[in-house]
Amino acid sequence: MKNEYSKKETDYIKKYQDEGYTSNFLFDGAALIDTNTKVAYNPEDIFIVAHHRYEGMSNPDDMSILYVIETKDNIKGTHLLGYGPTADLEEAEFFKDIPKKNYSKNADINEIASE
């Protein structure tokens, strides 16, 4: 899928921030933490609105997925997940534990789940 934002994660992050997805989420080993409020979210509390995959321009092993997230309490934000050879396996498992029903039809759950 080709689009105007396909080259850099920062382009999409800016686009989603402009649409109100202003929170940043960090993975702490057990949950996603909203960096603003410090609230912790479990997989069932997370809804994936969209995702975008990236490969490094100079190093194809430098791969990431930008997740666009809404939480059960309506916090909107993004999370950047590294994947591939250098991926954090616990973090990847966390995202696999998000119920399939919590993925938007446009989020392409089949592509994510097949990894």
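This chain uses plain numbering: 1 for the first residue, then up along the sequence.
Residues Y103 and I98 are in side-chain contact: their nearest non-hydrogen atoms beyond the backbone lie under 4.5 Å apart. Here the side chains of Y41 and D34 are in contact, with some heavy-atom distance below 4.5 Å. Put simply, the side chain of P43 reaches to within 4.5 Å of the side chain of F94, judged on heavy atoms. A 4.5 Å side-chain heavy-atom check between N102 and I46 finds every atom pair outside the cut-off. Inter-residue side-chain proximity for I65 and L80 is flagged as unmet; no heavy-atom pair is nearer than 4.5 Å.
Below 30°, between 30° and 60°, or above 60°: for Y16 and H52 the angle between ring planes is between 30° and 60°, a tilted geometry. The aromatic rings of Y67 and H51 sit tilted relative to each other, their planes meeting at an angle between 30° and 60°.
In plain terms, the two heavy atoms of N42 and A31 that are nearest each other are OD1-CB, 4.3 Å.
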*Might you work through the side-chain contact (heavy atoms from CB on, under 4.5 Å) test for K15 and Y21, ending with a clear yes or no?*
CA-CA 9 Å; K15 173 190 179 289; Y21 291 86; over 6 Å; no
*side-chain contact (heavy atoms from CB on, under 4.5 Å) assessment of I69 paired with I48*: CA-CA 5 Å; I69 294 171; I48 304 299; 4.0 Å; yes
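Here the straight-line distance linking atom NE2 of H79 with atom OG of S23 works out to 13.5 Å at 0.5 Å rounding. Of the inter-residue distances, the one linking E93 atom CD with D88 atom CG reads 10.5 Å to the nearest 0.5 angstrom. Taking CG of D97 as the start and CD of E44 as the end, the distance is 9.0 Å to the nearest 0.5 Å. In this structure, CG on D45 lies 8.0 Å from OG1 on T71, to the nearest 0.5 angstrom.
I33 and F27 fall into different hydrophobic clusters, where Ile, Leu, Val, Met, Phe, Trp and Tyr are joined by side-chain heavy atoms under 4.5 Å apart, directly or via other members. By the criterion of side-chain heavy atoms lying less than 4.5 angstrom apart, applied directly or through intervening Ile, Leu, Val, Met, Phe, Trp or Tyr residues, V39 is grouped together with I75 in one hydrophobic cluster.
When the options D28, L26, L81 are evaluated for a side chain to side chain contact (heavy atoms under 4.5 Å, CB included) with E91, the one that passes is L81.
Of the charged side-chain nitrogens involved, at least one lies within less than 4.0 Å of a carboxylate oxygen, so that K14 and D18 count as a salt-bridged pair.
Checked by atom type and distance alone, the side chain of T35 pairs as donor or acceptor with a backbone atom of N24 at under 3.5 Å.
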